[in-house]
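Notes to accompany the following structure.
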2 protein chains.
Amino acid sequence: MTNKKRTTIKDIANVLKISTAAVSKALHDDSRISTETKEAVKKVAKELNYQPNHLASALRKGKSNLVGVIVPKTNSNFFSSVIQNIEEVLNKEGYNIIITQSNESYTKECNTIDTLLFTQVDGIIASMANETIDLSYYEKIKSKGIPLILFDRGENDLNVDYIGIDDYHSSHIIVEHLIEQGCQRIAHIGGYKHTRIFNNRIRGYIDALKKYNLPLDKELLIESNLTLQDGRKKMMQLLTLQKRPDAVYVAGDYAALGALQVLQENHINIPNDIALVGFGNEPFTAMVTPTITSIEQHSNEIGKQAANAFLAYTRGDFVKQKLNKTILDAALIVRDSSNIKDS
Amino acid sequence: MTNKKRTTIKDIANVLKISTAAVSKALHDDSRISTETKEAVKKVAKELNYQPNHLASALRKGKSNLVGVIVPKTNSNFFSSVIQNIEEVLNKEGYNIIITQSNESYTKECNTIDTLLFTQVDGIIASMANETIDLSYYEKIKSKGIPLILFDRGENDLNVDYIGIDDYHSSHIIVEHLIEQGCQRIAHIGGYKHTRIFNNRIRGYIDALKKYNLPLDKELLIESNLTLQDGRKKMMQLLTLQKRPDAVYVAGDYAALGALQVLQENHINIPNDIALVGFGNEPFTAMVTPTITSIEQHSNEIGKQAANAFLAYTRGDFVKQKLNKTILDAALIVRDSSNIKDS
DNA sequence: TATATTTGCTTAAACGTTTAAGCAAATATA
DNA sequence: TATATTTGCTTAAACGTTTAAGCAAATATA
């Protein structure tokens, strides 16, 4: 524990009898420093095991090289994969990320934002909690002039960069797929309408039914918080109907799993009696029996693009910063739970 | 974007015609500042929407109030739950955490450590990557005098605080449970022997067999990286044996799931033909069919204790800092995959 | 050869805090 | 009433960088 003080540029300067300014410039390969000096500085830096003090340079330069990432939960393949890709892109550019979880709670999300602002992050990349309706905390970020990028769960009203998939179109793909399988009464257990992505999925569902001349039955369209538990509850509700659906499209994989459990407990054949489609392509959808058809959201791509959107800001492409709404195409992964021909 | 400069204590000082030192002390409730001044300062601070510059105080105080957390992956219920609890405890004490993933890669882990040191974290709480054998990077943390706490995957040799469950005893509980179910040939798909926790599970397995006078069959003890894929592979290997096991204890849930899939594909009845036990109590173990018996590792408690161990250091209990090896008792969650009486 | 430019550094100030040292006024103590 | 202590502030320096401004020596240009 003989924690002798860390070496600073001052120490290097003393050894070489030059100024700290020269050392600083040498370490940053300033063109006005001779090659010999640079080499000497770097050699001594290595010898003394010099590690730059990030806080000092951050303070001086007015930027921390930290980016805050807010997700509803890390414990989901989608979000952890997005995070991993954000990290990969930003690390290359010298940024570190601070990951925080809102746990789907609005209060926790606000605290989290305060914490990140306090930590002087250079930007925030976020996906909103389910609960979040009031956007004033996000406005706070904007008003401080800190770049804000939203992905997956974001609101149009905020007028910031957004990366996500085409939820409206995804619903079309799913409904089309189910109709191809011969389904005629397709139910939708959707997310909260106030969240854009879930609203888009609902609109897509409704319009796709219209497109294929299927009637829209209000009983078959249910709002849910999309947890496993609520998926069970909403599936039970559907089973009590006089005219049961022959397919259920659930806007989240966890809730889809809940629905699957209920169907199995009631000895209903999947997909022949009722076909099932989830959303998100969580790994467990390929693990359960039957495997669940789902939508792949390209989490890797979303993470990379979100990071790049932030970098675009920092590179000062402010001139005529146009709002980037990047919408990726989703992919339907057909599995046993909706593959009627094969089963 | 009229990003007018942030308010500093200087601004507050100017308004009240007092020194910045007085402002600083007032904000920290220094006993040598009058109540009136404190109130006035806080009032103005609020009016000007003052937010302390964390970098400046960190630089001055020589501590960043950031704690680095390194996990093999965030995408696992165990780790994300540990993280959540670390965060909860540390946030209360004014610390923020920087979460990084090693992705089970030794190289990534080293980078991650460099990054955290560069960011001037006040401490590091880590669980090691599967690959990690060389501990020199962890020694680096210690040599810088930065508190290091390990949990779950940690090595004794490092001589630092450690929080985990009693893996040796967990194996005993599992083997006892399987014997109670009538199993006589119990296989173990274990983790890498060089990782302490997996080694302990293996030793526990061997000793428990001995205790109950069951022979140790080398064929039934297999080393694995415990991914889903490798679980499949190792299960197939067990099925090729002349004398198949009647129970398989897998040291990780993902690998257990792989084993389960292979058993089902071969129409082997679980648990009657072969009983199955996993480790970690990942949520999906309760979701698949049949549900998988597993070991609950008390991730919440581990997270809390790890955070508290770090806090103990910062509180300067250095005087006679004794090594804290906290070992929690694990709990066996019996499910269908090993419940022979009921099935 | 005289002047202009470039090279390679130094000096000094700054980023926004915190804190040791100190000082005058107010209050307590003998 | 004279001295000691406490209260409530200020002054000044420091944390470890970066960077604008400047200057002398070396080199290029006319």
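These figures come from a predicted structure and were not determined experimentally.
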Check: [X]/[Y] side-chain N/O donor and acceptor closer than 3.5 Å:
X        : Y        : result
A/Thr74  : B/Thr74  : no
A/Lys42  : A/Tyr50  : no
A/Asp134 : A/Ser136 : yes

Candidates [options] - which lies nearest the side chain of [X]:
X       : options                : result
A/Tyr50 : C/dT18, D/dT17, D/dC9  : D/dT17
B/Ile9  : C/dT18, C/dT7, D/dT10  : C/dT18
B/Ser24 : C/dT18, D/dG22, D/dT18 : C/dT18
B/Leu59 : C/dT10, D/dG16, C/dT18 : D/dG16
A/Ser57 : C/dT11, D/dT18, D/dG22 : D/dT18
B/Ala56 : C/dA21, C/dT17, D/dT7  : C/dT17
A/Arg60 : C/dC9, D/dA13, C/dA14  : C/dA14
B/Thr8  : D/dT19, D/dC23, C/dT17 : C/dT17

Q) What does A/Lys10 touch in the nucleic acid at a heavy-atom separation under 4.0 angstrom: a base, only the sugar-phosphate, or nothing? A)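 Answer is nothing: A/Lys10 stays at 4.0 Å or more from every strand.
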
[N] phosphate, OP1 or OP2, under 4.0 Å from [X] side-chain N/O:
X       : N      : value
B/Thr37 : D/dC9  : yes
B/Thr20 : C/dT17 : no
A/Ser34 : C/dC9  : yes
B/His28 : C/dT18 : yes

How many whole angstroms separate atom [atom1] of [X] from atom [atom2] of [N]?
X       : N      : atom1 : atom2 : answer
A/Lys17 : C/dC9  : NZ    : P     : 16 Å
B/Arg6  : C/dC15 : CZ    : P     : 14 Å
B/Asn65 : D/dC15 : CG    : C1'   : 15 Å
B/His54 : C/dG16 : NE2   : C1'   : 13 Å
B/Glu36 : D/dG8  : CD    : P     : 8 Å
A/Leu27 : C/dC9  : CG    : P     : 13 Å
B/Leu55 : D/dT18 : CG    : P     : 14 Å
A/Ile12 : C/dC9  : CD1   : P     : 15 Å

Partner nucleotide, any strand, of [N] [Watson-Crick/G-U, under 3.5 Å]:
N      : answer
D/dA25 : C/dT6
D/dA30 : C/dT1
C/dG16 : D/dC15

Q: Check whether the side chain of B/Lys25 and the base of D/dT10 form a donor-acceptor pair under 3.5 Å.
A: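 Looking at the base of D/dT10, it does pair with a donor or acceptor on the side chain of B/Lys25 (distance under 3.5 Å).
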
Q: Indicate the atoms forming the closest heavy-atom contact of A/Tyr106 with A/Glu131, along with that distance.
A: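 Closest approach of A/Tyr106 to A/Glu131, heavy atoms only: N-OE1, 3.0 Å.
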
Q: By nearest nucleotide on DNA chain C, pick out whichever of A/Arg32 and A/Ala21 is the more 5' one.
A: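 Going by which nucleotide is closer to the 5' end, it is A/Arg32.
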
Q: Using side chain to side chain contact (heavy atoms under 4.5 Å, CB included) as the criterion, point out the one residue from B/Lys140, B/Lys144, B/Glu139 that pairs with B/Lys142.
A: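 When side chain to side chain contact (heavy atoms under 4.5 Å, CB included) is applied between B/Lys142 and each of B/Lys140, B/Lys144, B/Glu139, only B/Glu139 qualifies.
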
Q. Heavy-atom distance under 4.5 Å between the side chains of A/Tyr313 and A/Asp161, does that happen here?
A.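 The answer is yes; the side chains approach within 4.5 Å.
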
